[in-house]
Participant: 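A single structure is presented below for examination.
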Amino acid sequence: LSGLGIKDEVFLRKQEEFFVAVESMLVRRDFAIKLLNSQNYPDLAASVVVCKSNEDMKENLSVQNTLKHIRTKLVDKMEKLSIPVIKSRTLFGVCDPSKLMNY
């Protein structure tokens, strides 16, 4: 990222934020929801949203067991980690060389 003009401190801060979220996802609803959405677990994120508080989430054994499993998977793959940048965008495009699409 340094070659793109992004300071190393920015990446290191994002990395630290991600590690804190992984460590806190079992007890903090907000961290669990953001992390699950960024890791493409929308159904589980929805089940965490249904829990009204951090305490509700901690008492829901099904949610806790699934969160523990996902947390273990994230910790295991930290060497090849893809750190989500929450306030970023991804742009997708479609090539239409034949000009058949209506847009």
Participant: I'd like to check Leu74 versus Gln39 (side-chain heavy atoms, cut-off strictly below 4.5 Å). Are they in contact?
Facilitator: yes

Participant: Output, in order, the C-alpha distance, side-chain angles, deciding distance and verdict of side chain to side chain contact (heavy atoms under 4.5 Å, CB included) for Leu26 and Arg71.
Facilitator: CA-CA 8 Å; Leu26 298 176; Arg71 183 175 167 265; 4.0 Å; yes

Participant: Can you sort out the partners of Glu55 under side-chain hydrogen bond (donor to acceptor under 3.5 Å, both in side chains), two or more places apart, ordered by chain and number?
Facilitator: Lys58

Participant: Could you state the interatomic distance from CG (Asn37) to CG (Leu44), rounded to the nearest 0.5 Å?
Facilitator: 9.5 Å

Participant: With Asp56, which residues qualify under side-chain hydrogen bond (donor to acceptor under 3.5 Å, both in side chains), at least two apart?
Facilitator: none

Participant: Please name the pair of heavy atoms, one in Ser38 and one in Leu35, separated by the smallest distance, quoted to 0.1 Å.
Facilitator: OG-O, 2.9 Å

Participant: Looking at residues at least two apart in the chain, or sitting in another chain, which of them share a side chain to side chain contact (heavy atoms under 4.5 Å, CB included) with Asp30?
Facilitator: Arg28

Participant: Can you see which heavy atom on Cys51 is nearest to which on Asn60, and at what distance?
Facilitator: SG-ND2, 4.1 Å

Participant: Can you check whether Leu12 reaches Gln15 side chain to side chain, under 4.5 Å on heavy atoms?
Facilitator: yes

Participant: Can you sort out the partners of Arg29 under side-chain hydrogen bond (donor to acceptor under 3.5 Å, both in side chains), two or more places apart, ordered by chain and number?
Facilitator: none

Participant: Which pairs count as side chain to side chain donor-acceptor pair (under 3.5 Å) when at least one residue sits in residues 44-54, sequence neighbours excluded?
Facilitator: none

Participant: Residues sharing Phe31's hydrophobic cluster, by side-chain heavy-atom contacts under 4.5 Å among ILVMFWY, directly or via others?
Facilitator: Val20

Participant: For the pair Gln64 (side chain) and Glu59 (backbone), establish whether a donor and an acceptor sit closer than 3.5 Å, ignoring hydrogens and angles.
Facilitator: no

Participant: What distance separates Asp43 CG from Thr66 OG1, expressed to the nearest 0.5 Å?
Facilitator: 11.0 Å

Participant: CZ/Arg13 to CD/Glu9 distance, rounded to the nearest 0.5 angstrom?
Facilitator: 9.0 Å

